[in-house]
Protein chains: 2
Amino acid sequence: MRPSLSEVKADLFKGLAHPVRIRVLELLHDAEPGELSVGELLAQTGLEASHLSQHLAVLRRYRLVESDRRGSQVYYRLAYANVGGLLDVSRALLAEVLETTHSDATAHLEEQQEAARWVR
Amino acid sequence: MRPSLSEVKADLFKGLAHPVRIRVLELLHDAEPGELSVGELLAQTGLEASHLSQHLAVLRRYRLVESDRRGSQVYYRLAYANVGGLLDVSRALLAEVLETTHSDATAHLEEQQEAARWVR
DNA sequence: GGTCGATATGATGAATCCATCAAATCATCA
DNA sequence: TGATGATTTGATGGATTCATCATATCGACC
């Protein structure tokens, strides 16, 4: 039984439905060479190796990323340009959501956003 | 403890991570008056009432829709314009995904797409 | 072949999601 | 007030996801 279009879309969104995986995809989206090694992702996320690896496996399963082993290192990149498009729109959607939220919550989230920028 | 930006985004994607909920959001996105009653959604999805209602509750929880009771009927609409944006990009992403899939699977999914258009 | 660094997979328990059926709630009307 | 249509919520069991720790696999090098 082949999946319906909605089921394929739902799978794509499932891949995006976890904060760590969003973070990883954003790092890949923003990376200058368009890809990052697992080691670099580990450094930038501060995660434990097997934790990140399990999430990367989910991203591979749902075809949001592609991987490429070169020697002992594995590089990941977004599988499709429109994955980046989803990230961009989600950013715009979040801004829209935040515009309608309490100003104290907004201030707090803006602080976190500044901190994230600084870390990068 | 307030949620991080990634957590808020993850919640939005969780709301999208089920085929029925995608279908509902697309129906709302495409509806001429920009909203539909639960009754209309029931008719168009063919779901059982409490099944749909549980999914609508998830969409409300993650703030992807807004509801509005008028008499005995409840109307739903997308909570933000960018929810529609996410749907549009996911459509483009799916097309991108399908371009790289086997042609027999592609043909099958295109048939389903045609059938869906016809039903509407 | 063995060691080591890099990465992936397996096992497990807790939490969450999903589908289904039952019951409750809300609004309207006689 | 009770009945009815519309909709929501609750309860429950099974499936899936998540986090964590342990183990396995891969590639490079001696």
Side-chain angles (χ1 to χ4, degrees), chain A residues 1 3-4 6-25 27-28 31 35-77 79, chain B residues 1 3-4 6-25 27-28 31 35-77 79:
Chain A
M1 187 57 207
S4 68
S6 296
E7 276 163 345
V8 179
K9 282 183 196 173
D11 280 351
L12 293 167
F13 286 124
K14 278 179 204 159
L16 286 148
H18 188 285
V20 164
R21 297 201 291 277
I22 291 170
R23 186 82 192 101
V24 168
L25 291 169
L27 288 172
L28 295 178
E35 69 179 9
L36 290 167
S37 70
V38 174
E40 285 161 325
L41 288 169
L42 285 171
Q44 294 194 41
T45 58
L47 291 171
E48 191 264 322
S50 66
H51 188 185
L52 175 62
S53 201
Q54 297 250 27
H55 281 297
L56 290 173
V58 172
L59 291 173
R60 290 197 312 271
R61 169 159 42 112
Y62 292 131
R63 299 191 293 169
L64 292 165
V65 295
E66 290 180 329
S67 63
D68 178 27
R69 179 178 274 274
R70 291 182 222 132
S72 67
Q73 304 212 293
V74 181
Y75 287 81
Y76 279 80
R77 75 187 144 270
Chain B
M1 186 57 208
S4 67
S6 296
E7 277 164 341
V8 179
K9 283 183 194 171
D11 280 351
L12 293 167
F13 286 123
K14 278 179 204 160
L16 286 149
H18 188 286
V20 163
R21 296 202 290 278
I22 290 170
R23 185 84 193 102
V24 168
L25 291 169
L27 288 172
L28 295 178
E35 66 179 10
L36 290 169
S37 70
V38 174
E40 286 162 327
L41 289 170
L42 285 172
Q44 296 195 38
T45 57
L47 292 171
E48 189 266 322
S50 66
H51 189 186
L52 175 62
S53 202
Q54 296 251 25
H55 281 298
L56 290 172
V58 172
L59 293 173
R60 290 198 310 275
R61 173 160 38 111
Y62 292 131
R63 298 190 294 168
L64 292 164
V65 296
E66 288 178 333
S67 62
D68 177 28
R69 178 177 276 272
R70 290 182 221 133
S72 65
Q73 305 213 295
V74 181
Y75 287 80
Y76 279 81
R77 74 184 144 275

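Quick caveat, the model's predicted, so the values are computed rather than measured. Residue numbers start from 1 in every chain, and the chains themselves are labelled A, B, ... in the order their sequence lines are given, proteins ahead of strands. Just the heavy atoms: all of them, side chains too, but no hydrogens, waters or symmetry mates, feed the values below.
Rounded to whole Å, the distance from CD on B:E40 to P on D:dA6 is 12 Å. Straight-line distance from the NE2 atom of A:H55 to the C1' atom of C:dA8: 14 Å, rounded to whole Å. Atom C1' of nucleotide C:dA6 and atom CG of A:L36 are separated by 16 Å, given to the nearest angstrom. A straight line from NE2 of B:H51 to C1' of C:dC17 spans 11 Å, rounded to a whole angstrom. In this structure, B:Q73 atom CD and C:dC26 atom C1' are separated by 13 Å, rounded to whole Å. For the pair A:L56 CG and C:dA6 P, the interatomic distance rounds to 16 Å; values are reported in whole Å. Per the geometry, CG belonging to A:L59 stands 14 Å off C1' belonging to C:dA8, to the nearest Å. C:dT7 atom C1' lies 14 Å from atom CG of A:D68, rounded to whole Å.
Closest approach of B:Q44 and B:L27 over heavy atoms only: OE1-CD2, 3.2 Å. The minimum heavy-atom distance linking A:D11 with A:Y62 is given by the pair O-CG, 3.3 Å. B:V65 and B:L25 make their closest contact through CG1-CD2, 3.6 Å (heavy atoms, listed as atom of the first residue, atom of the second, distance).
How far CG of B:L41 is from OH of B:Y76: 9.0 Å, rounded to the nearest 0.5 Å.
Picking from D:dC21, C:dC17, D:dA6 the nucleotide with the shortest atom distance to the side chain of A:E48 gives D:dC21. Checking D:dT7, C:dC18, C:dT7 against every side-chain atom of B:R21, the shortest atom distance belongs to C:dC18. Distance from the side chain of A:S53 is smallest to C:dT9 among D:dT9, C:dG5, C:dT9. Distance from the side chain of A:S50 is smallest to D:dA22 among D:dT9, C:dT7, D:dA22. Closest to the side chain of A:K14, out of D:dT9, D:dT17, C:dT7, is D:dT17. Among the nucleotides C:dA6, D:dT7, C:dA8, the one closest to the side chain of A:S72 is C:dA6.
Across all strands, B:R60 comes closer than 4.0 Å only to sugar-phosphate atoms, never to a base (heavy-atom distances).
Listed pair A:Y62 / D:dT17 meets the phosphate criterion, a side-chain N or O lying under 4.0 Å from OP1 or OP2. OP1 or OP2 of C:dA8 lies within a sub-4.0 Å distance of a side-chain N or O belonging to A:Y76.
For B:Q54 and A:A17, each mapped to the nucleotide of DNA chain D holding its nearest heavy atom, the one lying further toward the 5' end belongs to B:Q54.
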Requested in this report: Under the side-chain contact (heavy atoms from CB on, under 4.5 Å) rule, what do A:V20 and A:T45 come out as? Steps first, then yes or no, please.
Outcome: CA-CA 8 Å; A:V20 164; A:T45 58; 5.8 Å; no
